Amino acid sequence: MLDPAGGLYWPAAGLLAVSDLHLEKGSSYARRGQLLPPWDTHATLDRLTLLLRRYRPRIVVALGDSFHDSGGVSRLPAGELARLGAIADAHRFVWVQGNHDPSPPDGVGGEWVEAFTTATLVFRHQAVLNTPEGEISGHHHPKTVVPARGTTVRRPCFVADARRVVMPAFGAYTGGMDVREPAIARLFPHGGRVFLLGSERLFSFTLSFPSRTLRA
Amino acid sequence: VTVNSDLIYDVLRRHQPDHILLRATRADAAGGLTDLSRLAAMLARVKGRIVHMVLSRVSPLAVPVLLEIGRESVRTREGEERLLAEAEAIIAEATGETEPPAAARAVNRRGVLPRRPVQETLFGSLTPPPPTPLPQGEGGSVRRSTWRASG
């Protein structure tokens with residue numbers, strides 16, 4: 001079940017997955033001289049809290065790149081650290097390893113795994129080309145463009161086929177990659193569907209790639 | 001930097017609405033897009049001296065203004081979602097995922113709309129379209145005059 005806020009809820013397992021939170025991306029850039037406003041963690045946790053209230057999951061899976069860099073936890077403001085800790089303690093919280101966060105977050109509860117596997121699904125940060133059916137991943141921050149009335153609308157989206165779902169990034173400052181880029185397109189050789197995030201609902205379109213995109 | 005300025009704008013507006021970046025943006029918009037101070041001065045000048053009349057037809061002096069409607073648009077999230085919903089519905093109908101509206105099906109079956117002579121062309125029907133209320137969004141008036149020119 002895909003949520004228009006960018007989460008994925010699996011009712012049978014009581015499992016909520018979110019991907020690419022990129023917490024403390026603002027402070028990460030600030031340290032390197034790119035001054036961004038520091039409210040991104042707050043905004044991201046606000047949105048996560050809404051999802052937790054909506055679905056009341058038993059298990060929460062953060063699909064990697066939860067922190068923008070490995071020092072992210074130490075830069076969390078005390079209030080946000082406490083809030084994240086409370087969320088991690090209130091559920092079975094699974095941190096999946098991502099390329100931005102190769103080591104577990106210190107001082108926040110929860111489990112740390114390379115990939116989270118259930119009987120039917122595997123949750124990992126970056127999709128693997130030849131995987132058995134049932135893979136949920138993030139990493140690519142998929143976005144897509146829909147033409148309408150002489151203009152276009154660009155939104156983050158889920159990309160899915162019968163085999164896998166690639167989730168949009170949940171973090172407040174995260175950009176995106178077009179689904180036609182080979183990195184995403186090659187995961188869906190037979191096309192699929194995109195689900196663009198809206199305020200109240202998802203907008204769904206079929207996705208098919210001209211073969212030259214796949215060869216590129 | 002790969003950070004979308006919209007995202008920063010949203011986060012700031014929620015958490016620090018008096019931030020200097022937002023004040024600068026507002027000042028830019030007030031001076032660059034619409035000359036707000038000139039507009040404000042004009043409104044102050046005419047205050048109390050405006051006569052509002054509902055006309056029975058478009059006044060000649062209003063024509064240039066009406067034709068400008070839709071030339072500039074401000075994109076909102078709601079507006080974008082209306083566009084997405086429309087695109088989704090068009091594609092779903094064309095691919096047979098949903099049924100077209102009842103009126104369209106009637107045309108399909110009989111070749112004519114009930115009790116109204118229709119000449120079908122490649123570009124649609126030649127019956128006058130129902131009068132569209134003005135102004136309704138992008139270019140309503142422009143489309144109407146285009147139809148008159150060709151029909």
Side-chain angles (χ1 to χ4, degrees), chain A residues 4 22 25-30 32-47 68 77 79-80 141 143-157 169-177 191 193-208, chain B residues 1-26 69-99 124 132 135-144 146:
Chain A
H22 284 268
K25 181 166 180 173
S27 61
S28 174
Y29 275 100
R32 284 183 281 151
Q34 299 279 5
L35 296 179
L36 297 180
W39 299 104
D40 54 322
T41 296
H42 190 83
T44 303
L45 290 185
D46 277 357
R47 291 170 51 236
H68 189 69
E80 307 302 338
H141 302 199
K143 277 192 156 186
T144 194
V145 177
V146 171
R149 296 238 175 183
T151 175
T152 56
V153 179
R154 175 183 295 272
R155 285 285 170 91
C157 62
F170 197 77
Y173 282 168
T174 49
M177 179 196 263
R193 281 196 91 78
V194 290
F195 299 88
L196 284 75
L197 305 188
S199 305
E200 307 282 328
R201 69 178 185 94
L202 296 161
F203 298 93
S204 159
F205 299 89
T206 52
L207 180 68
S208 55
Chain B
V1 185
T2 54
V3 172
N4 187 332
S5 56
D6 284 1
L7 304 173
I8 299 176
Y9 179 80
D10 285 347
V11 168
L12 272 185
R13 207 170 51 147
R14 187 164 308 157
H15 297 287
Q16 210 174 336
D18 60 339
H19 193 278
I20 185 163
L21 279 177
L22 290 190
R23 279 186 281 147
T25 306
R26 272 187 218 109
I69 291 172
R71 209 185 79 166
E72 299 290 342
S73 63
V74 177
R75 295 193 70 163
T76 62
R77 202 169 161 84
E78 295 74 40
E80 278 194 357
E81 302 209 348
R82 275 199 299 279
L83 292 179
L84 283 176
E86 185 181 79
E88 192 186 44
I90 289 171
I91 293 170
E93 185 183 319
T95 55
E97 287 172 41
T98 59
E99 287 301 304
T132 35
Q136 266 292 345
E138 309 92 306
S141 57
V142 175
R143 255 205 311 278
R144 218 163 76 166
T146 308

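Throughout, a chain's letter reflects where its sequence line sits, starting with A, and its residues are numbered from 1. Worth saying up front: this structure is predicted, and the values here are computed from it rather than measured.
With a 4.5 Å cut-off on non-hydrogen atoms, A:Val153 touches chain B through its backbone and its side chain both. For A:Phe203, the parts lying under 4.5 angstrom from a heavy atom of chain B are both the backbone and the side chain. Interface remark: B:Leu84 contributes backbone and side-chain atoms alike to the contact with chain A (heavy atom separation under 4.5 Å). Contact annotation for B:Ala85: both backbone and side-chain heavy atoms come within less than 4.5 Å of a heavy atom of chain A.
When each of A:Thr206, A:Asp46, A:Thr152 is scored by its heavy-atom pairs under 4.5 Å with chain B, the top score falls to A:Thr152.
Across all their heavy atoms, A:Pro147 and B:Ala87 have their closest contact at O-CB, 4.1 Å.
Within the 4.5 Å cutoff, side-chain heavy atoms of B:Arg77 are placed close to those of A:Arg155. In this structure the side chain of B:Arg82 never reaches within 4.5 angstrom of the side chain of A:Arg149, judged on heavy atoms.
A donor atom on one side chain and an acceptor atom on the other are not found under 3.5 Å apart for B:Glu88 and A:Ser204.
A donor-acceptor distance shorter than 3.5 angstrom exists from the side chain of B:Glu81 to the backbone of A:Ser199, with no hydrogens or angles considered.
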